[in-house]
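Each remark here refers to the structure printed beneath this line.
Starting from 1, each residue takes its place in the sequence as its number.
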Amino acid sequence: MTEPAQSPRAEPERVDPVDDGDGDGKGIYWVLKNVLLGPPVRRIFRPKVEGAEHIPALGPAIIASNHLSYADWIFMPLVVRRRVTFVAKSDYFTGAGVKGRFQRGFFKGTGQVPIDRSGGSASEGAIRAGMKVLERGELFGIYPEGTRSHDGKLYKGRTGVARLALEAKVPVIPCGVIGTDVVAPPGKVVASMASPTIKFGEPLDFARYDGMEGDRLILRAVTDEIMYKIMELSGQEYIDMYATKAKMLEGRATTGAPKKVRKTDT
C-alpha cells in the first residue's frame with residue numbers, strides 16, 4: 001500500500017488555472033484540487049492508493065468504480081493526477097442567482113457535466129456526455145451500479161459502461177473504493193476521519209468485441225467482466241441484482257408492501 005498518487009507537496013498537475021478551454025471549469029478544478037479542497041482533505045483523511053500506475057498519463061480511458069458514498073467523487077479523483085469527469089443531473093447547472101452561479105461553477109469545476117433526466121433516458125445522456133469527454137482525450141468516471149450501494153454490497157452493473165467502452169474504443173480501468181461509506185455514510189456529511197483506500201486495476205481491453213456494441217449479450221459479458229474486477233479490488237460481496245431493485249425490495253419488506261417488481265432490461 002502506498003501514499004496517495006499526488007501528495008500535498010507534489011508538483012501540481014500541468015493545467016492552466018486561467019484557461020478554461022471549452023468552458024468546462026478546468027480553472028476551478030485546478031484551484032479546488034490543488035489549493036482549496038485537495039490539500040486539507042489529504043492531510044485530514046490521508047487517503048491511500050494502490051495501482052495508480054495503471055492510469056495512463058495521456059489519452060482517453062474510462063474509470064469504472066464501485067459506489068459506496070457521495071464522498072467517492074471526492075477521494076477517487078483526488079488521488080489521480082489527471083482530471084476525472086463525471087455526469088450529474090442538469091438541475092445542478094441551471095440555478096439562478098448567486099447560489100445558482102456558485103453551484104454551477106462548483107459542479108463544472110469538480111469535473112462533472114450535465115445530463116437531462118426529464119426528457120429522455122438518463123443512460124443515453126450519460127453515454128453522449130461520456131463520448132464527448134473521451135473524444136477530447138480525457139478520463140471519464142462512471143459508476144456502473146447506477147446508484148450508491150445501500151448496504152455496502154456490490155450490485156449488478158448497468159451495460160452503459162460496456163457500450164461506451166466499445167463505441168469509444170477505449171480501455172476501462174476498474175476501481176475499487178474502500179471505506180468511504182465509513183467516512184461519509186448515507187445521511188451524514190462526515191462521520192469518521194478514517195482513511196479510505198482507492199485501488200486501480202490493470203486496464204481492460206475489449207478490442208476483441210469491436211463492432212459488437214449492439215449485441216446485448218456482448219454488452220452484458222463485458223459489464224460482468226468489469227464488475228468482477230471491481231469486486232476483486234473492493235473485496236465486496238457481489239449480488240446479481242440491480243441496486244435499485246434491491247433497495248425497492250428492502251423498502252417493501254420494511255413496510256410490508258407486496259414485493260412485485262417490474263422486470264428491468266439487462
Side-chain angles (χ1 to χ4, degrees), residues 1-15 29-58 61-86 109-112 138-145 148-155 157 161 171-204 226-238:
M1 191 169 291
T2 62
E3 288 298 311
Q6 184 177 347
S7 67
R9 297 181 182 177
E11 180 183 353
E13 54 188 329
R14 297 182 181 276
V15 179
Y29 180 86
W30 188 94
V31 172
L32 286 172
K33 183 174 181 178
N34 296 287
V35 180
L36 299 179
L37 182 62
V41 169
R42 292 189 189 98
R43 283 194 295 268
I44 294 171
F45 296 98
R46 301 186 63 81
K48 304 176 181 67
V49 61
E50 296 180 17
E53 69 276 8
H54 295 312
I55 300 174
L58 296 171
I62 297 169
I63 299 181
S65 176
N66 59 328
H67 197 13
L68 295 173
S69 165
Y70 81 88
D72 295 339
W73 66 265
I74 296 176
F75 287 109
M76 188 265 274
L78 193 63
V79 299
V80 177
R81 285 188 176 274
R82 297 175 61 189
R83 175 177 174 174
V84 183
T85 299
F86 295 88
T110 51
Q112 302 192 51
E138 300 176 4
L139 298 176
F140 184 68
I142 190 169
Y143 300 113
E145 292 169 278
R148 285 179 290 177
S149 172
H150 63 290
D151 57 7
K153 298 175 183 178
L154 183 68
Y155 286 89
V161 62
V172 176
I173 302 165
C175 174
V177 177
I178 303 168
T180 53
D181 54 339
V182 176
V183 174
K188 294 187 178 181
V189 178
V190 175
S192 170
M193 299 301 177
S195 297
T197 298
I198 300 90
K199 297 182 179 181
F200 298 99
E202 295 183 5
L204 302 175
I226 295 170
M227 298 308 295
Y228 183 79
K229 293 298 182 181
I230 293 174
M231 179 190 70
E232 287 187 322
L233 293 166
S234 69
Q236 293 168 279
E237 177 185 352
Y238 179 76

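- Without hydrogens or angle criteria, Arg82 side chain to Pro56 main chain gives a donor-acceptor distance under 3.5 Å.
- At least one side-chain heavy atom of Phe75 sits less than 4.5 Å from a side-chain heavy atom of Val41.
- Of the possible donor and acceptor atoms, none in the side chain of Glu138 sits under 3.5 Å from a partner among the backbone N and O of Thr85.
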Apply the test side-chain contact (heavy atoms from CB on, under 4.5 Å) to residues Tyr70 and Thr180: give CA-CA distance (whole Å), side-chain angles for both, the deciding distance (0.1 Å), then the verdict. CA-CA 8 Å; Tyr70 81 88; Thr180 53; over 6 Å; no

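- Side chain of Glu145 to backbone of Asn66: no donor-acceptor contact under 3.5 angstrom is found.
- Pairing each heavy atom of Ala191 with each of Lys188, the nearest pair is CB-CD, 3.9 Å.
- Of the inter-residue distances, the one linking Gln236 atom CD with Met227 atom CE reads 8.0 Å to the nearest 0.5 angstrom.
- Here SG of Cys175 is found 13.5 Å from CD1 of Ile62. Values are rounded to the nearest 0.5 Å.
- The environment of Glu232 atom CD is dense: over 12 non-hydrogen atoms of other residues, nucleotides or ligands sit within 6.0 angstrom.
- Minimum interatomic distance between Gly201 and His54 (heavy atoms only, all atoms of both residues): O-CB, 3.2 Å.
- The only member of Ser65, Ser234, Ser69 that meets side-chain contact (heavy atoms from CB on, under 4.5 Å) when paired with Val177 is Ser65.
- From Leu37, atom CG reaches atom OH of Tyr29 across 10.0 Å, with rounding to the nearest 0.5 Å.
- Judged by distance alone, with hydrogens and angles left aside, the side-chain atoms of Tyr143 form no donor-acceptor pair with the main-chain N or O of Leu68 at under 3.5 Å.
- Considering CG of Asp72 and NE2 of His67, their distance stands at 5.5 Å, rounded to 0.5 Å.
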Evaluate the side-chain contact (heavy atoms from CB on, under 4.5 Å) criterion for residues Tyr238 and Ile230: first the C-alpha distance (whole Å), next the side-chain angles of each, then the deciding distance (0.1 Å), finally the verdict. CA-CA 10 Å; Tyr238 179 76; Ile230 293 174; over 6 Å; no

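- Here the straight-line distance linking atom OH of Tyr155 with atom CD of Glu237 works out to 8.0 Å at 0.5 Å rounding.
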Could you please spell out the steps behind the side-chain contact (heavy atoms from CB on, under 4.5 Å) verdict for Met76 and Phe200? CA-CA 10 Å; Met76 188 265 274; Phe200 298 99; 4.0 Å; yes

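- Using a 4.5 Å heavy-atom threshold, the side chains of Val190 and Phe45 count as touching.
- For Pro196 against Ala194, the heavy-atom pair with the smallest separation is CD-O, 3.3 Å.
- Closest approach of Ser149 to Gly152, counting heavy atoms only: OG-N, 3.0 Å.
- The backbone N or O of Pro47 lies less than 3.5 Å from no partner atom in the side chain of Ser195, so there is not a single donor-acceptor pair.
- Rounding to the nearest 0.5 Å places OG1 of Thr197 at 12.0 Å from CG of Leu233.
- Here the shortest heavy-atom pairing between Gly141 and Phe86 reads O-CD2, 3.4 Å.
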